[in-house]
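Notes for the one structure printed next.
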Amino acid sequence: SLDEYDDDEAGQKERKKEDAITQQNTIQNESSSADAPGSYLLQCLLCLCSTANAPEDDAPNRYSRTDRTTYSRYSRDANSSGSSVPSNALEKRIEELERELAKERQENARLMKMTQDKEELIGKLKEEIDLLNRDLDDIEDENEQLKQENKTLLKVVGQLTR
């Protein structure tokens, strides 16, 4: 049923969110042990990029406000462990990257639609060209037949006039 499908989909989204948080915690732990300034930002960006290959249908709503708040909390924790970039700057940068990603996906969808439309038009034009070529072949055949008939008529008329 539709409700079960929605429940399964919601469960999958929840598992994906948990997996992302687990991955984020792992990255945070690794980056805090490395203790390199700005490495957390790099890891956040890598995490965002790795999720960029997800299906297009939920692209605008990929990260809800609560997700960003959760990531923001981890960001603040990482800042206290040695990162020199303020958490607000990280949040703003992440949101900016999310907006850019959404714009790029919209542009990609628009271009894909244009490509499909053009491919459909090309297919229709090819069919029309095929039909016109067949008509041309028929006309050439008819023209050849008329030439033969004309030659025959000229011979007959030439013989009658003698």
Side-chain angles (χ1 to χ4, degrees), residues 1-28 30-31 36 38-79 83 85-150:
S1 82
L2 208 51
D3 291 334
E4 291 174 353
Y5 177 75
D6 287 343
D7 290 343
D8 287 345
E9 189 174 56
Q12 288 177 350
K13 286 183 180 182
E14 185 64 29
R15 282 190 295 279
K16 284 181 182 179
K17 186 167 69 169
E18 289 173 2
D19 289 344
I21 291 172
T22 302
Q23 181 182 9
Q24 196 65 33
N25 284 336
T26 303
I27 292 169
Q28 178 187 352
E30 291 173 0
S31 70
S39 65
Y40 182 74
L41 176 60
L42 179 62
Q43 296 298 334
C44 286
L45 295 176
L46 290 173
C47 183
L48 283 175
C49 291
S50 69
T51 58
N53 295 327
E56 293 290 327
D57 56 344
D58 65 344
N61 300 322
R62 175 154 328 213
Y63 297 104
S64 66
R65 187 70 198 146
T66 55
D67 290 342
R68 285 193 298 269
T69 305
T70 303
Y71 287 120
S72 170
R73 183 187 72 202
Y74 292 119
S75 174
R76 280 191 293 275
D77 291 345
N79 284 334
S83 179
V85 181
S87 64
N88 286 342
L90 289 175
E91 289 176 29
K92 288 179 182 177
R93 181 66 180 147
I94 289 171
E95 289 177 4
E96 179 183 323
L97 290 172
E98 287 172 346
R99 285 191 298 273
E100 288 179 26
L101 182 62
K103 287 178 187 176
E104 289 295 325
R105 286 195 172 138
Q106 287 175 348
E107 179 69 7
N108 189 31
R110 186 183 68 80
L111 292 173
M112 291 296 288
K113 175 73 170 126
M114 284 176 49
T115 301
Q116 287 175 340
D117 292 346
K118 287 182 180 182
E119 287 174 354
E120 288 175 11
L121 180 60
I122 288 169
K124 289 178 183 177
L125 290 173
K126 282 183 179 180
E127 288 176 17
E128 191 173 334
I129 288 170
D130 287 343
L131 289 174
L132 290 172
N133 281 333
R134 280 190 226 134
D135 289 347
L136 182 62
D137 290 342
D138 291 345
I139 290 170
E140 287 175 347
D141 291 344
E142 185 179 350
N143 188 30
E144 191 61 38
Q145 183 180 356
L146 289 173
K147 282 182 184 178
Q148 292 300 322
E149 288 177 9
N150 195 17

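Numbers here simply count residues along the sequence, with the first being 1. This one's a predicted model, so the numbers in the text were calculated from it and none came from an experiment.
We find the OG1-CD distance between Thr22 and Glu18 to be 7.0 Å, quoted to the nearest 0.5 Å. Atoms CD1 and CD, from Ile94 and Glu91 in turn, are 7.5 Å apart once rounded to the nearest 0.5 Å. Here the straight-line distance linking atom CZ of Arg110 with atom NZ of Lys103 works out to 14.0 Å at 0.5 Å rounding.
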Quick one: side chains of residues 116-144, donor-acceptor pairs under 3.5 Å with protein atoms, not counting sequence neighbours, listed by atom name and distance.
from   : atom 1 : to     : atom 2 : distance (Å)
Asp117 : OD1    : Lys113 : NZ     : 3.1
Asn133 : ND2    : Ile129 : O      : 3.4

>> side-chain contact (heavy atoms from CB on, under 4.5 Å), that's the test. Do Lys147 and Asn150 meet it? Break it down for me.
In response: CA-CA 5 Å; Lys147 282 182 184 178; Asn150 195 17; 5.5 Å; no
